[in-house]
*Asks:* 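Before I ask anything, let me first share the structure, which is written out below as C-alpha cells.
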Amino acid sequence: MRVTSNFVKLILNGIWKITGREPALCPECNKLMQSHGRCRRHVHLPDGRTQLSLRVFFCDTCRRYHRELPDFLIPHKYHCAETVAATYNSDMAEIDCDADDSTIRRLKQWVVDFLKVCSEVLKESVHHLPFVRDSINSSTATSILPTLQFFIQLLVNSGSWKVVH
C-alpha cells in the first residue's frame, strides 16, 4: 500500500473515487507501478459511513500489489484518522462515533501503541519536527490528527507499516 496526500476526490453514486496525482512508486523497491484496476473499501467518517473506490497498482519488479490510500485513512482500520483522533481525545461518554465501547477502547489503545512506535521513529530520525513532538504531548483532536496522518504516511510509504500492527 501507499499513502498519498495529493489526490482528487470524485463522488459518483455516493462512492468516493480517489485518484492520486503523484506518480505511483512502489514502497518496496521505489519503481514506477502499473495500474491494475480499483477496489472498494468502506470507511467510517465523522459524518457517517461511506464507500471508497481506491486504485490498485502492481509492481513488475517486486511482483506485489499495492493500494493507493488517501491520507485520511488508516491502513487496516474502518475508521478514518479524524475519527480515531477525536475518539482518542474524548471521554467515553462524549464520543460521537459509530462504534461500541470495546472498539473505542481498542482504538484508543492502538493510538497509544502507535504513538510509541512514532516516538521510536523520532528518536532514530535526524529531522526534528516540532509540530509532531508538541502534538504527541497534546490532548486536543486537532493537534493529534496531523501527527497520525504524518506518521501513517511516513511508515506506510517507507515499507515500515508491518511493525505497527
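Everything numeric in this text was worked out from a predicted model, so none of it was measured.
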*Asks:* Name the one of His42, His44, His79 that satisfies side-chain hydrogen bond (donor to acceptor under 3.5 Å, both in side chains) with Arg49?
*Replies:*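 Among His42, His44, His79, the one that satisfies the side-chain hydrogen bond (donor to acceptor under 3.5 Å, both in side chains) with Arg49 is His42.
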
*Asks:* Give the cluster check for Val8 versus Leu52: same hydrophobic cluster or not, with ILVMFWY residues linked at side-chain heavy-atom distances below 4.5 Å.
*Replies:*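 Different hydrophobic clusters.
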
*Asks:* Can you check whether Phe72 reaches Ile152 side chain to side chain, under 4.5 Å on heavy atoms?
*Replies:*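 A side-chain contact is absent here, since even the closest heavy-atom pair is not under 4.5 Å.
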
*Asks:* Would Leu115 and Tyr88 count as a side chain to side chain contact (heavy atoms under 4.5 Å, CB included) if you check the C-alpha gap in whole Å, the side-chain angles of each, and the deciding distance to 0.1 Å?
*Replies:* CA-CA 12 Å; Leu115 291 177; Tyr88 174 74; 4.1 Å; yes

*Asks:* Within this structure, what is the CD1-CD distance for the pair Ile74 and Glu82, rounded to the nearest 0.5 Å?
*Replies:*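 Output value for this atom pair is 11.0 Å.
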
*Asks:* Among side-chain atoms of Ser102 and Arg105, is any donor-acceptor pair under 3.5 angstrom?
*Replies:*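 Absent: no donor and acceptor within the cut-off.
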
*Asks:* Examine distances only and state if a side-chain atom of Lys31 and a backbone atom of Asp60 form a donor-acceptor pair shorter than 3.5 Å.
*Replies:*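 Not at all, since once roles are kept as given, no pair shorter than 3.5 Å links the two residues.
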
*Asks:* Can you measure from CZ (Arg38) to OG (Ser53) and round to the nearest 0.5 angstrom?
*Replies:* 4.0 Å

*Asks:* Can you find a heavy atom in the side chain of Pro70 that is under 4.5 Å from one in the side chain of Val3?
*Replies:* no

*Asks:* Under 4.5 Å between side-chain heavy atoms, chaining through other members, with only Ile, Leu, Val, Met, Phe, Trp and Tyr counted: pull out the rest of the cluster around Ile15, sorted by chain and number.
*Replies:*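 The other cluster members (ILVMFWY side chains, heavy atoms under 4.5 Å, direct or chained): none.
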
*Asks:* Roughly how far apart are Leu73 CG and Met1 CE, rounded to 0.5 Å?
*Replies:* 11.0 Å

*Asks:* Out of curiosity, Gln153 CD to Leu148 CG, how far, rounded to the nearest 0.5 Å?
*Replies:*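 Result: 13.0 Å between the selected atoms.
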
*Asks:* What closest approach, in Å, do Pro27 and Val156 show between heavy atoms, and which atom pair accounts for it?
*Replies:*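 Here Pro27 and Val156 meet closest at CB-O, 3.9 Å.
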
*Asks:* Any chain of hydrophobic side-chain contacts (each under 4.5 Å) joining Val43 to Leu12?
*Replies:* no

*Asks:* Can you hop from Met33 to Ile18 via hydrophobic side chains spaced under 4.5 Å?
*Replies:* no

*Asks:* Rounded at 0.5 Å granularity, tell me how far CZ in Arg63 sits from CD in Glu28.
*Replies:* 14.5 Å

*Asks:* Do you know the tightest heavy-atom contact between Val111 and Val84?
*Replies:* CG2-CG1, 3.3 Å

*Asks:* Provide the full list of salt bridge (Lys or Arg N to Asp or Glu O under 4.0 Å) pairs with a residue in residues 1-25, sequence neighbours left out, each pair given once.
*Replies:* Arg2-Glu22, Arg2-Glu68

*Asks:* Please answer whether the main-chain N or O of His66 pairs with a side-chain N or O of Arg55 as donor and acceptor at a distance below 3.5 Å.
*Replies:*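 No.
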
*Asks:* Do Thr19 and Phe7 have side chains that approach each other closer than 4.5 Å (heavy atoms only, starting at C-beta)?
*Replies:*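 Result no, sub-4.5 Å side-chain heavy-atom pair not found.
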
*Asks:* Of all heavy-atom pairs between Cys26 and Cys29, which one has the smallest distance, and what is that distance?
*Replies:*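 That closest heavy-atom pairing would be SG-N, 3.5 Å.
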
*Asks:* Do Phe58 and Leu69 share a hydrophobic cluster, counting only Ile, Leu, Val, Met, Phe, Trp and Tyr and linking them when any side-chain heavy atoms are less than 4.5 Å apart?
*Replies:* no

*Asks:* Would you indicate whether Arg67, at its atom CZ, is surrounded by more than 12 heavy atoms from other residues, nucleotides or ligands within a distance under 6.0 Å?
*Replies:* no

*Asks:* Sequence neighbours left out, what passes ring pair (Phe, Tyr, Trp, His ring centres under 6.0 Å) with Tyr78? Give chain and number order.
*Replies:* none

*Asks:* Does the side chain of Leu25 reach to within under 4.5 Å of the side chain of Phe57, using non-hydrogen atoms?
*Replies:* no

*Asks:* Could you pull out the closest heavy-atom pair between Thr50 and Gly14, with the gap in Å?
*Replies:*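 Of all heavy-atom pairs spanning Thr50 and Gly14, the closest is OG1-O, 3.7 Å.
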
*Asks:* Examine Leu10 and Val56 and state if one hydrophobic cluster contains both, with Ile, Leu, Val, Met, Phe, Trp and Tyr joined whenever side-chain heavy atoms are less than 4.5 Å apart.
*Replies:*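 No, because Leu10 and Val56 fall into different hydrophobic clusters, even though each may have its own neighbours under 4.5 Å.
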
*Asks:* Does any non-hydrogen side-chain atom of Phe114 lie less than 4.5 Å from one of Phe151?
*Replies:* yes

